[in-house]
**Q** 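Next up is a structure, given as structure tokens.
Below, all heavy atoms of this structure are taken into account, side chains as well, without hydrogens, waters or symmetry copies.
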Amino acid sequence: MRCHHEPIIVIGNGEIAVNIVHHGAKTGVTGSCHELVIGDNSLLIDCGLFQGTEARETLDIEFDINNIAALLLTHSHIDHIGRLPWLLAAGFAGPIYATEATAALVPLMLEDGLKLQLGLNKKQCEKALALIHQRIRPVPYDCWAQIVLPTGELVKIRFRPAGHILGSAYIEIKLPTNEIVVFSGDLGPKNTPLLADPIAPTAVHTLVIESTYGDKPNHQLEHRQQVLKQIIEHSLQDGGAIVIPAFSVGRTQELLFDLENIIAQIDIDPNETEINKRVWKSLPVILDSPLAQKVTEQYRYFHELWAKEAKHRRYMGRHPLAFEQCITIDSHADHIKLVNRLQHSGEPAIIVAASGMCSGGRVVNYLKALLADKRTDIIFAGYQAQGTTGRTLVDGDRVIKIDDKVIDVAAQIHQLSGYSAHAAQSDLVSFVADIEQGPKVIKVVHGDLKAQTALAVELRKVKPEATVIIAASE
């Protein structure tokens, strides 16, 4: 049922009361699900899965869906779409709006999740995905789409680039009173080479904004490729595998993009030795994730959404996401063969595999086989949620348990900044500061209490006239 005790935000002349209810990502960073109640109807923004320590025993929809007219998706990460099958099973019959690229990625992401989490067979997955295909309504970026609520009011929605992953968007919702409510979804950092930067909206009445890294000043994007190269070259001196756990959408493509650029630059750099050039040119970059392969294909298909730098490399005849040294592993049998081979041979190779937090997927087999080898290097290039294997390793535990197997960790663990798909505090504040008119109300969500509070402090400085609400403390 709706939480009617949550604050009511009165829009315009007060004829329509707008209530924002959070069904996830209120006190943490997963399970994103927000309900915008407009009079007697509502819109649902995202319906994500709870992960890590926030994971729930049941995925059942525990809120009233009878008055939800439509679902709007900000992007295709599982913590924003993972409960969608359960929403449909609960009886939601409305349309699902998303950008064109998100509409292409959602079935891929959900198919993978349905197989892994529920063990559904191919026929069962196809039935669930067919229903999603019927409901989904792709909307191009920057185009207004109209939604007529059951009670007759007209609401307009517009997806604007968020720079988080392919197809990601923040959503502008123009109410019948013409005031605009914006849900940020997950905003990406500025100046990443693969995707275009988010540009702030012009006018906003109420803004719901994420705060994953609301307490982190910046990400040091400008050094990430250089540091990645240094870690790899250090590892090459010792031999052994370099394992990079990465989410199938977003992080994997950013890493491949930088690895291709490192190899291309070394090849033409007069200061590089011929020996180092040969080492790099013979170093296999192994993409061992069937889902990541499919997602990478979509990144290549939607190349018009790339940033200028990425487009330039493509126009120059390079293949940033499909270069010669990038080897893909398809079958599970080939995956197991490779794991065994690397465990016994100790030969150098870069392996990019899901999941990013080591909570499942093929990367787990690499960890079980290689963590005890001191020649192994594990590179974490993103946020590791509490309760995940990735977080345990990043926190420095030298004895861990994976699938009931106790492992003495001898591998070197590296944490590489600059690859987060989330904006840090400086970019979040800049996004809000660039809004010309408003907002009157800012709700900070999608972060722990510390991150939400830190961001709220900075937002009050740039928008002193706004009422800033920390969702986690409500």
**Q** When you check the side-chain N and O atoms of T74 and D46, is any donor under 3.5 Å from an acceptor?
**A** yes
**Q** Show every salt bridge (charged side-chain N to carboxylate O under 4.0 Å, His left out) that has at least one partner inside residues 291-305, sequence neighbours left out.
**A** none
**Q** Between K443 and T206, is there a side-chain donor-acceptor contact under 3.5 Å, judged purely by atom types and distance?
**A** no
**Q** Any salt bridge (charged side-chain N to carboxylate O under 4.0 Å, His left out) pairs touching residues 378-391, not counting sequence neighbours?
**A** R391-D395
**Q** Looking only at heavy atoms, what is the nearest atom pair of D186 and A162, with distance?
**A** O-CB, 3.7 Å
**Q** Do N261 and Q225 get their side chains close enough for a donor-acceptor pair, meaning under 3.5 Å?
**A** yes
**Q** If you define the side chain from C-beta out and look only at heavy atoms, does anything of P245 sit under 4.5 Å from C358?
**A** yes
**Q** Which residues satisfy the salt bridge (Lys or Arg N to Asp or Glu O under 4.0 Å) test with R318, sequence neighbours excluded?
**A** E260
**Q** Among pairs that include at least one residue of residues 26-51, which meet ring-ring contact (aromatic ring centres under 6.0 Å, His included), considering only residues two or more places apart or in two chains?
**A** H22-H34
**Q** How about Y170 and F431: are their ring centroids closer than 6.0 Å?
**A** yes
**Q** Less than 4.5 Å apart, side chain to side chain, heavy atoms only: is that true for L44 and L72?
**A** no
**Q** Is it true that a side-chain atom of E254 and a backbone atom of Y419 form a donor plus acceptor pair closer than 3.5 Å?
**A** no
**Q** Using the side chain to side chain donor-acceptor pair (under 3.5 Å) rule, take E54 and T30 through it: C-alpha gap first, then chi angles, then the decisive distance, then the call.
**A** CA-CA 7 Å; E54 298 177 277; T30 68; 2.9 Å; yes
**Q** Which one of I244, V394, L416 satisfies the side-chain contact (heavy atoms from CB on, under 4.5 Å) criterion with F380?
**A** V394
**Q** Looking only at non-hydrogen atoms, find the nearest pair between I136 and A103 and report the distance.
**A** CD1-CA, 3.8 Å
**Q** Check whether the side chains of Q253 and T296 place a donor and an acceptor atom closer than 3.5 Å, and report yes or no.
**A** yes
**Q** Are H335 and H332 close enough that their ring centres sit under 6.0 Å apart?
**A** yes
**Q** Distance alone, cut at 3.5 Å: any donor-acceptor contact between the side chains of S42 and N67?
**A** no
**Q** Only counting residues at least two apart or in another chain, list the ones meeting salt bridge (Lys or Arg N to Asp or Glu O under 4.0 Å) with D197.
**A** none
**Q** Checking side-chain hydrogen bond (donor to acceptor under 3.5 Å, both in side chains) between E309 and each of H312, R313, K311, which is the one that passes?
**A** R313
**Q** Decide, yes or no, whether a salt bridge links R160 with D142 under the criterion of side-chain N to carboxylate O below 4.0 Å.
**A** yes
**Q** Checking side-chain polar atoms at under 3.5 Å, does Y366 have a donor or acceptor matched by the opposite partner on D288?
**A** yes
**Q** Could you name each residue pair satisfying salt bridge (charged side-chain N to carboxylate O under 4.0 Å, His left out) that touches residues 75-103, not counting sequence neighbours?
**A** none
**Q** Any donor-acceptor pair under 3.5 Å linking the side-chain atoms of E436 with those of T202?
**A** no
**Q** Do the rings of H75 and H80 sit parallel, tilted or perpendicular, given the 30° and 60° boundaries?
**A** tilted
**Q** I want to check something: taking the side chain as every heavy atom from C-beta on, are H205 and I180 in contact at a cut-off of under 4.5 Å?
**A** no
**Q** If every non-hydrogen atom of L255 is compared with every non-hydrogen atom of A246, which pair is closest and at what distance?
**A** CD1-CB, 3.9 Å
**Q** Once you round to the nearest 0.5 Å, how far does CG of L84 lie from CG of L49?
**A** 11.5 Å
**Q** Between T392 and T389, do the side chains contain a donor N or O and an acceptor N or O under 3.5 Å apart?
**A** no
**Q** Can a side-chain donor-acceptor contact be found between H446 and H422 if the only test is distance below 3.5 angstrom?
**A** no
